[in-house]
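Below: the structure, in structure tokens.
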Amino acid sequence: MAPVPPGRLKRRAEFLRVAGQGRKVPVHGLVLQALIRDDGEPARIGFTVTKKVGNAVVRNRTRRRLKEAARLLLRAEPIVGADIVIIGRDSTRKRDFLDLQDDLRRALRKTGVSHAG
RNA sequence: CCAGACGGCCGGACGGCCGCUGCCUGGGUGGUAACGCCCUGGUGGAGGAAAGUCCGGGCUCCACGGGAAUACGAUGCCGGCUAACGGCCGGCGGGGGCGACCCCAGGGAAAGUGCCACAGAAAACAAACCGCCGGCGCGCAGCGAUGCCCGCAGGCAAGGGUGAAACGGUGCGGCAAGAGCGCACCGCGCCCCUGGUGACAGGGGCGGCAGGGUAAACCCCAUCGGGAGCAAGACCGAAUAGGGGCGGCCGGUGGAUCGUCGUCACGUUCGCGUGGGGGCGGUGCCACGGGGGCAUUCCCGCCCCGCUGCCCGGGUUGGUCGCGCGAGGCGUGCAGCAAUGCAUGUCCCAGAGGAAUGGCCGUCUCGCGUCCUUGAAGAGUGAUCUUCGCGGGGGCGGACAGAACCCGGCUUACAGGCCGUCUGGCACC
RNA sequence: CGGAGCGUAGCGCAGUCUGGUAGCGCACCAGUCUGGGGGACUGGGGGUCGUGGGUUCGAAUCCCGCCGCUCCGA
């Protein structure tokens with residue numbers, strides 16, 4: 001069975017639900033919010049980069065690095081039954097990419113999400 | 001060579017691995033539906049400002065019979081360009097710079113109103129603080145000429161002083177002192193001539209000077225302006241709830257209402273109209289009864305108020321269109337000082353939607369900045385110290401900034417660099 | 001996308017329309033009253049008026065361009 005790619009969180013209500021009911025784990029390069037659904041369905045992921053981080057160019061670059069890190073990590077180690085929100089911060093842009101991936105892996109482990117298979 | 005002015009342009013290059021998205025081609029597949037999804041191959045994929053959202057348009061919807069006026073807002077030397085503009089080009093006038101050039105909201109102050117603090121006598125129909133001048137009267141000094149003090153009624157506005165600004169400026173004459181009182185030049189106003197499409201410029205004549213500034217104060221004049229914005233707007237539209245129409249079934253009482261048939265009163269154009277009360281019938285509008293549900297029975301409590309079949313429209317989540325051939329880019333020629341226009345050839349060149357155009361790495365480039373190292377230079381007898389103009393090597397940095405319907409401008413931000421024209425200075429021939 | 005407003009002393013606000021002197025409260029400093037503190041009274045210091053131009057004799061004020069912040073509507 002091929003690994004199902006994660007879906008996306010898009011609506012404001014979904015973000016608020018994860019922020020209100022999920023766990024929050026800050027690490028060096030990012031802040032992770034996760035809500036365990038425990039239903040076996042594929043994970044859904046959303047990204048937040050606020051205006052405080054910088055102008056549009058900086059925000060775009062921050063979000064793209066987070067997207068790429070999440071894509072590579074979830075392709076290698078897929079997770080199920082969770083809604084995940086990744087929040088970019090000022091250090092996300094300058095963090096070494098391998099370290100950033102490591103940050104994300106550590107944060108996911110702390111939230112206790114379950115891997116597929 | 002140094003310093004500077006103006007105009008135009010670029011905004012790192014190449015490659016590897018893994019991805020995103022539009023279109024085309026071929027194959028597979030999902031959903032009740034509107035519509036999608038997956039895979040192979042090919043191909044396209046941010047900017048000069050995409051930014052700020054300050055103007056002008058296209059496009060779409062709304063409003064509107066035409067015109068004029070008023071109000072409000074914007075613009076404001078002249079001519080041209082443009083779809084249009086508050087934009088651009090070329091001129092004029094004023095200001096700045098040795099110069100190349102740069103800057104200017106630059107109509108009207110003899111239509112009216114307001115304001116001009118402080119200072120100053122006076123801040124706008126003029127007036128007179130100190131002052132200048134002669135006359136008259138009294139006094140003092142002197143032999144006298146005359147001078148001085150005080151007072152009175154006058155003449156004057158040159159000088160002093162205040163101010164950002166004081167009712168033309170400079171000079172000569174003139175006068176008791178003065179004054180456009182007279183003259184010359186400058187300024188100003190009016191008229192005429194010449195050149196120019198025009199702003200305006202040049203010349204001549206007349207006037208003795210009238211009219212301080214402020215309109216980015218109110219205002220006057222001229223010109224322009226309907227409003228909203230792609231979340232405009234159009235189409236499709238599952239499920240649930242709700243709305244409307246038609247038909248079938250059940251339905252006890254009262255009220256309400258509708259239809260119909262008598263009756264009474266009043267009015268009458270004798271057709272009838274208005275009002276009161278009554279009989280019959282219809283209606284799930286209201287109340288009660290009643291019915292149904294909460295496993296069943298009784299009591300209590302709570303909830304629901306027609307059931308069912310077919311059809312119709314509105315509309316939420318959502319989906320599709322609008323949405324990429326255009327005031328289009330590039331090249332050439334012609335007209336024009338130019339903005340720009342015309343002709344012709346050629347090209348098709350981003351279309352996302354929690355929002356694609358990327359992530360990571362390598363090589364090269366850089367004449368820029370910074371740091372290290374080596375060399376170098378200088379100081380010292382020396383250990384060593386100082387410096388970075390020059391040579392070699394290495395590390396880090398390398399701007400401003402991300403399309404959101406499209407186009408023309410404006411404004412603002414920007415590392416570094418390239419090209420062209422021109423100005424001033426120095427040196428050499 | 002459209003609209004409105006704000007920026008003045010460390011803080012909160014006047015002054016802007018109608019241009020000439022920047023003021024009020026709290027806070028701060030000094031003195032007096034008190035044995036000391038608190039408190040009261042008296043006196044005092046402190047402001048590129050967000051920023052860059054322009055108009056004017058003169059700008060916090062009028063006009064234009066930027067910067068930052070807040071709010072409202074779709």
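Quantities reported herein were computed from a predicted structural model and do not represent experimental measurements.
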A:Val49 with A:Val27, same ILVMFWY side-chain cluster at under 4.5 Å: no
Taking atom C1' in both B:rA404 and B:rG353, what distance in whole Å separates the two? 8 Å
Check the hydrophobic clustering (I, L, V, M, F, W, Y; side-chain heavy atoms under 4.5 Å; chains of links allowed) and say if A:Val53 and A:Ile86 are grouped together. no
Hey, does A:Arg63 reach any base, or is it just sugar-phosphate, or nothing, if we go heavy atoms under 4.0 Å? sugar-phosphate
Roughly how far apart, to the nearest Å, are C:rC49 and C:rU8 at atom C1'? 4 Å
If the glycosidic angle is within 90 degrees of 0 it's syn, otherwise anti, so just tell me which one B:rC125 is. anti
Let's test this: given Watson-Crick or G-U wobble pairing with both distances under 3.5 Å, identify the partner of B:rC219. B:rG108
Just name whichever nucleotide pairs with B:rG233, Watson-Crick or G-U, keeping both distances under 3.5 Å, else none. B:rC321
If the P atom of B:rG108 is compared with that of B:rG208, how far apart are they to the nearest Å? 28 Å
Pairing nucleotide - B:rC368, Watson-Crick or G-U, each distance under 3.5 Å: B:rG397
Have a look at A:His28 and tell me which of A:Arg106, A:Arg89, A:Arg95 forms a side-chain contact (heavy atoms from CB on, under 4.5 Å) with it. A:Arg95
Using the salt bridge (Lys or Arg N to Asp or Glu O under 4.0 Å) rule, take A:Glu68 and A:Arg65 through it: C-alpha gap first, then chi angles, then the decisive distance, then the call. CA-CA 5 Å; A:Glu68 185 70 5; A:Arg65 298 194 84 203; over 6 Å; no
Distance check, P atoms only: B:rA50 and B:rA413, in whole angstrom units. 16 Å
Base, sugar-phosphate, or nothing: which does A:Arg64 touch, judged by heavy atoms less than 4.0 Å apart? base
What distance do A:Leu32 atom CG and A:Arg105 atom CZ have between them, rounded to the nearest 0.5 Å? 13.5 Å
Could you tell me which nucleotide pairs with B:rC209 by Watson-Crick or G-U wobble geometry, both distances under 3.5 Å, or answer none if nothing does? B:rG187
Distance, C1' atom - from B:rG11 to B:rA401, rounded to whole angstrom: 12 Å
Please name the nucleotide paired to B:rA153 by Watson-Crick or G-U wobble geometry with both distances under 3.5 Å, or report none. none
Round to the nearest Å and state the distance from A:Arg75 atom CZ to B:rC360 atom C1'. 13 Å
Protein-nucleotide distance (A:Gln101, atom CD; B:rC18, atom C1'), rounded to Å: 11 Å
Please classify B:rG48 as syn or anti, treating any glycosidic angle within 90° of 0 as syn. syn
Which sits closer to the 5' end of RNA chain B, A:Asn55 or A:Arg95, going by the nucleotide each is nearest to? A:Arg95
Rounding to a whole Å, what distance do you find between A:Asp96:CG and B:rC360:P? 9 Å
Span that lies between the C1' atom of B:rA335 and that of B:rC364, in whole angstrom: 50 Å
Need the glycosidic conformation of B:rG271: syn if within 90° of 0, anti if not. Which one? syn
Treating A:Thr92 as the side-chain partner and A:Gly29 as the backbone partner, does any N or O pair qualify as donor plus acceptor under 3.5 Å? yes
Can you see if the side chain of A:Arg61 gets near the phosphate of B:rG402 - specifically, an N or O under 4.0 Å from OP1 or OP2? no
Who does B:rA166 pair with, Watson-Crick or G-U, both distances under 3.5 Å? none
Please report the distance, rounded to the nearest Å, between NZ in A:Lys94 and P in B:rC360. 15 Å
For C:rU42, the nucleotide meeting Watson-Crick or G-U wobble distances (both under 3.5 Å) is C:rA30
So, is B:rG12 syn or anti if syn means the angle is within 90° of 0? anti
Taking CZ from A:Arg93 and C1' from B:rG358, how many angstroms apart are they, rounded to a whole number? 17 Å
Can you check the distance between B:rC104 and B:rC77, where both ends of the measurement are the P atom (answer in whole Å)? 14 Å
Applying the 3.5 Å cut-off to both distances, the Watson-Crick or G-U partner of B:rG389 turns out to be none
Which comes earlier along RNA chain B counting from the 5' end, the contact point of A:Arg71 or that of A:Arg65, where each point is its nearest nucleotide? A:Arg71
I need the CZ-P distance between A:Phe47 and B:rA356, as an integer number of Å. 12 Å
Count I, L, V, M, F, W, Y as connected when their side-chain heavy atoms are under 4.5 Å apart, and connections chain through other members. Are A:Leu66 and A:Val58 then in the same cluster? no
For B:rA356, does the glycosidic angle fall within 90° of 0 (syn) or outside that (anti)? anti
Atom CG of A:Asn60 and atom C1' of B:rA356 are separated, to the nearest Å, by 10 Å
Among the nucleotides B:rG402, B:rG19, B:rG359, which one has an atom lying closest to any side-chain atom of A:Phe97? B:rG359
Look at the side chain of A:Lys67 and decide which nucleotide, out of B:rC18, B:rA355, B:rG402, has an atom nearest to it. B:rA355
Value in whole Å for how far the C1' atom of B:rC18 lies from CG of A:Leu73: 15 Å
To the nearest 0.5 Å, how far apart are CD1 in A:Ile84 and CD1 in A:Ile36? 8.0 Å
Using the P atoms only, state how far B:rC62 lies from B:rG237, rounded to an integer number of Å. 23 Å
